[in-house]
Amino acid sequence: MIGEGERDEAPMLYIGEEVGSGTGPGVDFAVDPCEGTNLCANSQRGSMAVLAASETGGLFNAPDFYMKKLAAPPAAKGKVDIRKSATENINILSECLGIAVSDLVIVVMDRSRHKDLIAEIRATGARVQPISDGDVQAAIACGFAGTGTHCLMGIGAAPEGVISAAALRALGGHFQGQLVYDPAVAMTKEWEGLTREGNLARLAEMGIADPDKVYEAHELASGENVVFAGSGITDGLLFNGVKFERDCVRTSSLVISTLDDSARFTDTVHIKPGAQSIALR
Ligand code: VTB
């Protein structure tokens with residue numbers, strides 16, 4: 001189980017927690033019950049409940065660190081590379097997708113750590129779409145054409161990187177992640193007082209031998225069977241949020257699975273006991 005980290009002091013669904021009865025097949029889960037917490041709190045678009053699942057050992061046991069991420073559509077899989085500059089990757093994307101650089105939309109979280117990255121992308125002529133939160137949704141949106149999202153670049157949380165990787169692996173899209181351990185790179189209040197050396201020691205303790213390793217989607221979600229499931233909390237790019245009616249609640253979800261190579265969108269009306277009117281508004 002990888003989920004909420006020590007940063008959030010979560011009472012449940014935290015990293016390393018074991019859930020279930022202990023019988024039946026073993027399953028690895030990576031969960032984020034509210035990805036985009038600020039989006040949800042501020043009633044903004046893009047908050048969702050997400051998880052990835054695989055057989056035991058099938059998901060990378062990501063530490064509660066930051067992660068540099070690169071997500072792109074299937075046509076650019078293995079062509080773009082997180083080790084290359086943003087400029088190089090944008091040119092490769094343009095070629096692979098057959099879209100002019102000036103029409104490419106690159107999503108980047110609006111953070112001071114991304115100042116130079118955003119300036120570099122703008123200098124190529126590509127469009128930057130800054131988002132306040134929610135890089136999982138942006139990463140998965142790269143796996144589908146027509147979402148208006150061609151690439152995600154920048155640094156977000158590592159456990160959520162595993163969830164994005166699971167979805168993109170199942171979609172055949174591109175995802176790479178590289179752990180970030182230097183507070184000077186992460187530029188986050190969360191790491192106040194922490195040092196690069198201290199973080200490196202923490203990673204070594206967790207058994208991560210090469211802290212600079214670039215993880216591919218199939219290494220973050222390496223299982224034979226990998227499933228991503230998400231439901232909208234607020235409306236978003238991939239699905240709608242929860243809609244409360246008088247006698248029912250309507251939810252929209254997406255399940256992406258390597259089991260049958262499918263991306264299944266569902267729209268469910270949950271009927272309250274004694275419902276008199278089930279609105280389909
Ligand atoms: C959040 C969240 C992202 O990364 O910002 C988080 O919105 C960590 O970054 O979707 P900050 O600490 O700088 O806010 C994600 O959760 C996922 O990667």
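Residues take their numbers from the sequence shown, with the count starting at 1. As the structure lists them, so they are numbered: ligands from 1, and atoms in each ligand from 1. Just the heavy atoms: all of them, side chains too, but no hydrogens, waters or symmetry mates, feed the values below.
- Between K213 and I208, every side-chain heavy-atom pair lies at or beyond the 4.5 Å cut-off.
- A salt bridge links D133 and R111; the closest N-O separation between the charged side-chain nitrogens and carboxylate oxygens is under 4.0 Å.
- The distance from ligand 1 to the heavy atoms of R113 drops below 4.0 Å at these ligand atoms: 9 (O), 11 (P), 13 (O).
- Near R111, meaning under 4.0 Å from one of its heavy atoms, ligand 1 places the atoms 5 (O), 11 (P), 13 (O), 14 (O).
- Remark: distances from the non-hydrogen atoms of Q137 to ligand 1 are all 4.0 Å or more.
- Below 4.0 Å from some heavy atom of G134 lie the following atoms of ligand 1, by number and element: 2 (C), 3 (C), 7 (O), 10 (O).
- Every atom of ligand 1 is numbered from 1 in the order shown, and the set under 4.0 Å from a heavy atom of E160 is 16 (O), 17 (C), 18 (O).
- Of all the listed residues (V136, I163, D135), D135 holds the heavy atom that lies closest to atom 18 (O) of ligand 1.
- Any N or O atom pair closer than 3.5 Å counts here, and D32 shares no such pair with ligand 1.
- Here the side chains of V108 and Q129 are not in contact, with every heavy-atom distance at 4.5 Å or above.
- In summary, K272 and E245 do not engage in a salt bridge, as defined by a charged side-chain N under 4.0 Å from a carboxylate O.
- Counting only N and O atoms by type, the side chains of E35 and S47 include no donor and acceptor under 3.5 Å apart.
- Stacking of K68 on the aromatic ring of Y66 is not recorded, the 6.0 Å distance cut-off and the 45° axial limit not both being met.
- In this structure, Y181 has its ring center no closer than 6.0 Å to that of W191.
- The shortest N/O to N/O separation between A157 and ligand 1 falls below 3.5 Å.
- Neither the backbone nor the side chain of H114 comes within contact range of ligand 1; no heavy atom lies under 4.0 Å.
- The shortest N or O to N or O distance between E35 and ligand 1 is under 3.5 Å.
- Less than 4.0 angstrom separates some heavy atom of D133 from each of these atoms of ligand 1: 1 (C), 2 (C), 5 (O), 7 (O).
- Judged by distance alone, the side chains of S85 and E88 do bring a donor and an acceptor atom under 3.5 Å apart.
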